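The block underneath contains the structure these notes are about, expressed in structure tokens.
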Protein chains: 2
Amino acid sequence: MNKYSQIFADIVADIDNQRLQKGERIPSESELMDSYAASRGTVRKAVDQLQERGYVQKIHGKGVFVLKPGNIEFQLSGIVSFKESYERLGRAVTTQIADFQLISADKLQAKLLQVPEKTELVRIKRVRNIDGENVILDINYFVAGMIPGLTPQIAQNSIYEYIEKVLKLNICYAQRVFEAQPCIEDDRRYLDLNGMDHVIVVKNHTHFYDGRQFEYTESRHRLDKFFFSDIARR
Amino acid sequence: MNKYSQIFADIVADIDNQRLQKGERIPSESELMDSYAASRGTVRKAVDQLQERGYVQKIHGKGVFVLKPGNIEFQLSGIVSFKESYERLGRAVTTQIADFQLISADKLQAKLLQVPEKTELVRIKRVRNIDGENVILDINYFVAGMIPGLTPQIAQNSIYEYIEKVLKLNICYAQRVFEAQPCIEDDRRYLDLNGMDHVIVVKNHTHFYDGRQFEYTESRHRLDKFFFSDIARR
DNA sequence: CATAATTTGTACGTATGTATC
DNA sequence: CGATACATACGTACAAATTAT
């Protein structure tokens, strides 16, 4: 691991284990330089990343202070599915494959994935059951040529893990849009809506490191099971 | 302005004006070093910030590539109200002050603002009218002692502008949570709900540079007028 | 109130490593 | 293989904000 990544990871661990508590000052740059035998630039890079991810706040002339209390991992920034987030909160999440098909891109799908019409796509519909209720419907479209070997068995587990660990492709960034929509037929069919007539839709355009888009996903959430949190900076 | 901020701003302008188009490579580090007579570290800092804000993607060995098409300013990251966002999209937004009161913090409010009970607060309820419909209800709680001199006239314009430009206080970061909620009485009273029985609530804990929280806000959006977009990174 | 010490911010320079072409 | 481009890491100097003396 890089030196700055090591420093970053160590301090994150200290915050998560509450060895560094909310409001407390972390070691100064010169202290970190000494304890890691690192240059100032290296130490600063680690601390900058801590701030970017919302762990700390740097204050000129004073020091660097912990923002988050440990363990209350609210971290929904980064590319993680909401299924993973719920699992991290210790909730029982099961997945049911509702649909798994090779299709040919129509006009709309071609535009959403930025590929020519009639490109081969894998469409997967998965229902997420949390604490006994069907509350999330994930509809994924993958460009078949970019993600070879997809099977329902893989979809039952983690597709991202397959892409990264088996295919060794680097997932890099996703453009996301959140909005509310009136329920569509699939929502009524697969979800326990309890009379609700809207869902929250998270639209996701996911890209590789080299800029190619390989996926478009709609994650459709029952209203009462949706939440999202982040830290915004001025 | 700093050197790295200048480089950053220039490249952002080039992207917004489409002089640099989506997918195109921006000048390499050594080219930027030459044209700005800057060190490599300075150039890299500017480019790192471009990537953080989602303008570009750096690829090792290849170059730095523009992600966003210009002008389609989707930027809802950062501390901006949804009112400001709508205005930037060229929509007619008007504000009506529904309530402006000095109150004493009850138990819940004290917790949300991290102050003792009975601390003096300014509570402001504002209704945002977009294209002729009342669609957003903002409920702000300010710690009165931290934001002196607030008036309905200021609330009619921009409170943040007052805080930053008149009081010269540095707004720094906000912890936000997004979720859907069933409508409360205030929603039914002030918003044109068109029969919808839920709203999207954005809860906002806003802090100064020195870490003090000065505000708690709930921004309550009619379902069909809510949207949010960002870029997530692995 | 002034000064010094501490701490973070900006900027420069250099060397070496790694990925892409 | 060499050229180009980004990644990591070292070092130095001075500026600016804060706190202690």
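The model shown is predicted, which means the values in this text are computed figures rather than measured ones.
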Six-ring centre of B/Phe65, B/Arg25 cation under 6.0 angstrom, axis tolerance 45° | no
Give a yes or no on whether the backbone of B/Val115 and the side-chain of B/Thr119 come within a donor-acceptor separation of less than 3.5 Å.
-> no
Within the structure shown, what part of the strands sits under 4.0 Å from B/Val47 by heavy-atom distance: base, sugar-phosphate, or nothing?
-> nothing
Can you tell me if CD on B/Glu120 sees more than 12 non-hydrogen neighbours from other groups inside 6.0 Å?
-> no
Would B/Asp10 and B/Tyr36 count as having a side-chain donor-acceptor pair, cut-off 3.5 Å?
-> yes
Quick one: on DNA chain D, does A/Lys62 or B/Ser28 contact a more 5' nucleotide (nearest heavy atom)?
-> B/Ser28
Would A/Gln6 and A/Asn2 count as a side-chain hydrogen bond (donor to acceptor under 3.5 Å, both in side chains) if you check the C-alpha gap in whole Å, the side-chain angles of each, and the deciding distance to 0.1 Å?
-> CA-CA 6 Å; A/Gln6 189 60 58; A/Asn2 301 329; over 6 Å; no
From CA spacing to verdict: side-chain hydrogen bond (donor to acceptor under 3.5 Å, both in side chains), B/Arg44, B/Gln49 = CA-CA 9 Å; B/Arg44 280 180 64 76; B/Gln49 292 209 346; over 6 Å; no
Residue closer to the 5' end of DNA chain D, B/Asp48 versus A/Lys3 (nearest nucleotide) | B/Asp48
Is the backbone N or O of B/Leu108 less than 3.5 Å from a side-chain atom of B/Asp106, with the two atoms forming a donor-acceptor pair by type?
-> yes
Is B/Lys62 reaching over with its side chain to a backbone N or O of A/Asp210, donor-acceptor style, under 3.5 angstrom?
-> no
With a 4.0 Å cut-off (strictly under) to non-hydrogen atoms of chain A, the first and last hit nts on DNA chain D, 5' to 3', are D/dT8 to D/dT19
Which two nucleotides bound the region of DNA chain C that has atoms under 4.0 Å from heavy atoms of chain B, read 5' to 3'?
-> C/dT10 to C/dC21
Residue pairs meeting salt bridge (charged side-chain N to carboxylate O under 4.0 Å, His left out), one or both in residues 139-149 of chain B, sequence neighbours left out, come to none
Sequence-distant partners of B/Thr217, side-chain hydrogen bond (donor to acceptor under 3.5 Å, both in side chains), two or more places apart | B/Asn140, B/Glu215
Scan B/His221, B/Arg220, B/Arg128 and name whichever one has a side-chain hydrogen bond (donor to acceptor under 3.5 Å, both in side chains) with B/Asp138.
-> B/Arg128
Between A/Phe178 and A/Phe228, does the ring centre distance come in under 6.0 Å?
-> yes
To the nearest 10 degrees, the angle between the two end axes of the helix from C/dA2-D/dT21 to C/dC21-D/dG2 (five pairs per end) comes to 10°
Quick check: does any side chain N or O of A/Glu161 sit under 3.5 Å from a backbone N or O of A/Ser158, one acting as donor and the other as acceptor?
-> no
For DNA chain D, determine which residues of residues 33-42 of chain A have any heavy atom closer than 4.0 angstrom to one of its atoms, and list them numerically.
-> A/Ala37, A/Ala38, A/Ser39, A/Arg40, A/Thr42
